[in-house]
Chemist: 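The structure that follows is given in the form of structure tokens.
Treat the numbers as computed from the prediction; the structure is a model and nothing was measured.
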Amino acid sequence: MIARFLLLFIFYSLCLSITSQSRADNSPIVNIEQRSVDLTQFAMSYFIDSTGTMPLSQVQQQNFINSQNELTLGTNAKTTWSKIVIKNSYSDTLRLFVHNPDAYHLEEVSFYETQSAQLINQSVIQLDKTGPKANMFGGSAVFSFYIAPNQQKTIYVKSVTFSHQWFALAIFDEEHSKRALVGNGNYIALLVGMMLALMIYNFFLYLSARKIENIVYALYLISGTVWVALSYGVAANFFGIFSAELLQLNSNLLSMPSFLVIFVMLIFETKKHYPKEHIALSIILFLLVADFIYSLFDIVGALKPASSLAALMMTVTFGVSISLWRKGNTLAKYFLLGHSMFVIFNMLAVLYYKGISDANVINSHGVGIGILLEALMMAFILSYRIKSLEKIKAQQTELNRLVDTDPMTGLYNRRYFDRKSEELIAAMANNQQELTLLIADLDHFKNINDTYGHDVGDKVIIAFANILTSEQGLADIACRYGGEEFVLLLNCNLLDAKQVAERIRQKAQETYITIDEVQTVQFTVSIGVHSVAHASTTVKETLTIADKALYKAKSNGRNCVEVAA
């Protein structure tokens, strides 16, 4: 009985050994058949070490899952081993380079060169420690090895991440390795450059509008730029700084959507006009801020739910923008367009980082693309809003002008003159200036109306208004005070004012109003002049004295200037 049991045990062990050998033999092989090697797409396999402590010898005994060289496994694959079996079918010995261009975001990346399960060479790169790092070129980890003709080697790559596990390995010859390192990250640098350009543009928008929305947008751009730089290795590729050294800056993954939510609240004034949407935005903002505060104490722990919170934020803000669009908000359709792009590309990125979708250029760079597209639309919205506000301001200015001016002549009316002249008289002492008032009345104006009609009378009024305007200084106030009566407040002394009055009288006398092809009419004006004595003088008092001078001019035969005694 014991002998039979031993035979069964031996048979089971042999079967298990054969099965294991069969599995090992089923690992995909990368076959090199030429000297030029530029492999960015190839088959390999991977294994997730849930303990995070397995040595290479133990890992070699594990069952690897066949896959492509681009992997995204989410947050439950902190320690992942990749297995690349390479066979040299070329006639010469080759020097090959295995690249991990996404190593900048890892805690550790290690390479192990083996042949027939025996370790030949290794390189362990601790990215969470300061100091020089061998085999790191910018943000890429590179491992080189030689392989003889008809030789087969297995390269194991260990990746230890802080939160999300994703990478794309590549195999190059020496020339293609150099090219890959030179060109790595250039397009991401261009993306960051465009974000910086938007910051400059927003600065000028802020100088124009002085709105808090511009400040929030600037903070969104800063957070977005930092996040893009961290996500795609700009700091590593250009400054040799790795994510482990800047790990705390990953809090931007939470601050960036927070600023976006605040921007939506401000630009649409949700608290004032859309209370239900404001509540939804407030809830998601609370969750984002709470996780951001948590990230200040445990950044790794806070990053695990960050992508889920980002997805929730995108869903809520997308729903809010649709709601506002349906309610007729003018800006909502523009925001919805930009936010749709943001949501689409960021959802692709979220699915990629969580290991749900396959790796490709769009998915792996969805965050940067989405941020840039939405940032462009947000800049347009700010510009559009500033333009709308300026239009409203211009309309308000025009309305005020219409309220304060005489529609026939374009001169100020009595209402404006009374208000503005009081201000000038009150300020005359501080400004050490002299003011003089002219009051003018068209002579025999009723006879012009009765003889030639009101149309000709209107032409006379307009002609005289133009004469006043021609003699008016920049700081002077010309006003149609009522009917055929006009006033002119001059910033000058009495002597200069009398000369101005004489020129006005002379021009009026020399003006001809055309009635028809053969008939014209002339008009004259009488003017009273009075110097404003002191700042305590009121407009009413000044007008009363000037009016007496005007009455004297009328009594003296009209078409003359009289100065008040």
Chemist: Before giving the answer on side-chain contact (heavy atoms from CB on, under 4.5 Å), spell out for His176 and Val37 the whole-Å C-alpha distance, their side-chain angles and the decisive distance to 0.1 Å.
Modeler: CA-CA 7 Å; His176 285 96; Val37 181; 5.9 Å; no
Chemist: With side chains defined as the heavy atoms from C-beta onward, is the minimum distance between Lys153 and Ile120 less than 4.5 Å?
Modeler: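 Side chain of Lys153 against side chain of Ile120, heavy atoms only: contact under 4.5 Å found.
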Chemist: Kindly determine whether Thr79 and Thr51 satisfy side-chain contact (heavy atoms from CB on, under 4.5 Å), including the steps that lead there.
Modeler: CA-CA 8 Å; Thr79 302; Thr51 67; over 6 Å; no
Chemist: Rounded to the nearest 0.5 Å, what's the gap from CG on Asn100 to CZ on Phe111? Could you check?
Modeler: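 Taking CG in Asn100 and CZ in Phe111, the distance rounds to 6.0 Å.
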Chemist: Could you grab the distance from atom CD1 of Ile125 to atom CD of Glu107, nearest 0.5 Å is fine?
Modeler: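 Interatomic distance, Ile125 CD1 to Glu107 CD, rounded to 0.5 Å: 14.0 Å.
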Chemist: Decide yes or no for Lys83 and Tyr46: does some side-chain heavy atom of the first lie under 4.5 Å from some side-chain heavy atom of the second?
Modeler: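 A side-chain contact under 4.5 Å is absent here.
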Chemist: State, with a plain yes or no, whether a side-chain heavy atom of His164 is found less than 4.5 Å away from one of His105.
Modeler: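 A side-chain contact is absent here, since even the closest heavy-atom pair is not under 4.5 Å.
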Chemist: Tell me which one of Met265, His273, Lys271 satisfies side-chain contact (heavy atoms from CB on, under 4.5 Å) with Glu269.
Modeler: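 Among Met265, His273, Lys271, the one that satisfies the side-chain contact (heavy atoms from CB on, under 4.5 Å) with Glu269 is His273.
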Chemist: Please determine whether a side-chain nitrogen of the Lys or Arg among Arg419 and Asp404 lies less than 4.0 Å from a carboxylate oxygen of the Asp or Glu.
Modeler: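 Yes, charged N to carboxylate O under 4.0 Å.
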Chemist: Quick check on the 6.0 Å ring-centre criterion: do Trp81 and Tyr112 meet it?
Modeler: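 Yes: the rings meet the under 6.0 Å criterion.
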Chemist: Is the closest side-chain heavy-atom distance between Leu196 and Met199 below 4.5 Å?
Modeler: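 Yes, at least one pair of side-chain atoms sits under 4.5 Å.
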Chemist: Do Thr315 and Ile284 have side-chain heavy atoms sitting under 4.5 Å apart?
Modeler: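 In short, these two side chains do not touch, never coming nearer than 4.5 Å.
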Chemist: May I have all residue pairs that pass ring pair (Phe, Tyr, Trp, His ring centres under 6.0 Å) and include part of residues 308-335, sequence neighbours excluded?
Modeler: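 Listed once each, the pairs are Phe268-Phe335, Tyr334-Phe380, Tyr334-Tyr384, Phe335-His339.
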Chemist: List the residues meeting salt bridge (charged side-chain N to carboxylate O under 4.0 Å, His left out) with Asp38, not counting sequence neighbours, and say none if there are none.
Modeler: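 For Asp38, no residue satisfies salt bridge (charged side-chain N to carboxylate O under 4.0 Å, His left out) once neighbours in sequence are set aside.
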Chemist: Go through Ile371 and Phe345 one step at a time and tell me if the side-chain contact (heavy atoms from CB on, under 4.5 Å) criterion holds.
Modeler: CA-CA 9 Å; Ile371 290 173; Phe345 284 102; over 6 Å; no
Chemist: How close do Ser321 and Ala332 get, counting heavy atoms only, and between which atoms?
Modeler: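 Minimum heavy-atom separation between Ser321 and Ala332: O-CB, 4.0 Å.
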Chemist: Which pair of non-hydrogen atoms, one from Glu374 and one from Leu260, has the smallest distance, and what is that distance?
Modeler: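 It is OE1-CD2, 3.3 Å.
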Chemist: Below 4.5 Å, heavy atoms only, C-beta onward: do Ile84 and Phe42 meet side chain to side chain?
Modeler: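 They are in side-chain contact.
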Chemist: Output all residues satisfying side chain to side chain contact (heavy atoms under 4.5 Å, CB included) with Ala77, sequence neighbours left out; order by chain, then residue number.
Modeler: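 Expected list: Ile48, Leu73, Thr80, Gln165.
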Chemist: Say you draw a straight line from CE of Met378 to OH of Tyr220; how long is it, rounded to the nearest 0.5 Å?
Modeler: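 The CE atom of Met378 sits 5.5 Å away from the OH atom of Tyr220.
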Chemist: Which atoms form the tightest heavy-atom contact between Asn26 and Asn66, and what is the distance?
Modeler: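 That would be O-ND2, 3.7 Å.
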Chemist: Could you tell me the separation between the CD1 atom of Ile86 and the OG1 atom of Thr154, rounded to the nearest 0.5 Å?
Modeler: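 One finds 8.5 Å between CD1 of Ile86 and OG1 of Thr154.
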Chemist: Answer yes or no: is there a side-chain heavy-atom contact under 4.5 Å between Thr114 and Gln60?
Modeler: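 Yes, at least one pair of side-chain atoms sits under 4.5 Å.
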Chemist: Apply ring-ring contact (aromatic ring centres under 6.0 Å, His included) to Tyr90 and list each qualifying residue two or more places apart in sequence or on a separate chain.
Modeler: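 If we apply the ring-ring contact (aromatic ring centres under 6.0 Å, His included) test to Tyr90, skipping adjacent residues, there are no hits.
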Chemist: Could you walk me through whether Leu281 and Leu285 pass the side-chain contact (heavy atoms from CB on, under 4.5 Å) check?
Modeler: CA-CA 6 Å; Leu281 292 171; Leu285 180 61; over 6 Å; no
Chemist: Looking at Lys327, I'd like to know if its NZ atom is crowded, meaning that more than 12 non-hydrogen atoms belonging to other residues, nucleotides or ligands lie closer than 6.0 Å.
Modeler: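 Yes - once you tally the heavy atoms of other residues, nucleotides and ligands closer than 6.0 Å, there are more than 12.
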Chemist: Considering only heavy atoms from C-beta outward, does the side chain of Phe259 approach that of Ser223 to under 4.5 Å?
Modeler: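 Yes - at least one pair of side-chain heavy atoms lies under 4.5 Å apart.
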Chemist: Can you tell me how far CG of Leu71 sits from CG of Asp102, rounded to the nearest 0.5 angstrom?
Modeler: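 The distance works out to 11.0 Å.
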Chemist: Is a side-chain N or O of Asn214 found less than 3.5 angstrom from the main chain of Ala218, in a donor-acceptor match?
Modeler: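 A pair under 3.5 Å: no.
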Chemist: Does atom CD1 (Ile212) have a neighbourhood of more than 12 heavy atoms from anything else shown, all under 6.0 Å?
Modeler: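 Open: at most 12 neighbouring heavy atoms sit under 6.0 Å from CD1 of Ile212.
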Chemist: Any idea which heavy atoms bring Met44 and Gln68 closest together, and the distance?
Modeler: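 Reported closest heavy-atom pair: CE-O, 3.5 Å.
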Chemist: Ser123 and Phe143: which non-hydrogen atoms are nearest, and at how many Å?
Modeler: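 Taking every non-hydrogen atom into account, CB-CD1, 3.9 Å.
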Chemist: What are the two closest heavy atoms between Ala168 and Glu70, and how far apart are they?
Modeler: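 Result for this residue pair: CB-CG, 3.5 Å.
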Chemist: Would you give the length of the straight line joining atom CG of Asn69 to atom CG of Leu39, rounded to the nearest 0.5 angstrom?
Modeler: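 Separation between the atoms: 8.5 Å.
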Chemist: Going by atom type alone, with no hydrogens or angles, which donor-acceptor pairs under 3.5 Å involve a side-chain atom of residues 92-99 and a protein atom two or more places apart or on another chain?
Modeler:
from  : atom 1 : to     : atom 2 : distance (Å)
Asp92 : OD2    : Arg35  : NH2    : 2.6
Arg95 : NH2    : Ser144 : OG     : 3.3
His99 : NE2    : Ser177 : OG     : 2.7

Chemist: Among residues two or more places apart or on two chains, list those pairs meeting side-chain hydrogen bond (donor to acceptor under 3.5 Å, both in side chains) that have a residue in residues 286-302.
Modeler: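 Qualifying pairs, neighbours excluded: Ser251-Ser295, Tyr294-Asp298.
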Chemist: Is a donor on one side and an acceptor on the other found under 3.5 Å between the side chain of Ser340 and the backbone of Leu336?
Modeler: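 Indeed, once roles are kept as given, a pair shorter than 3.5 Å links the two residues.
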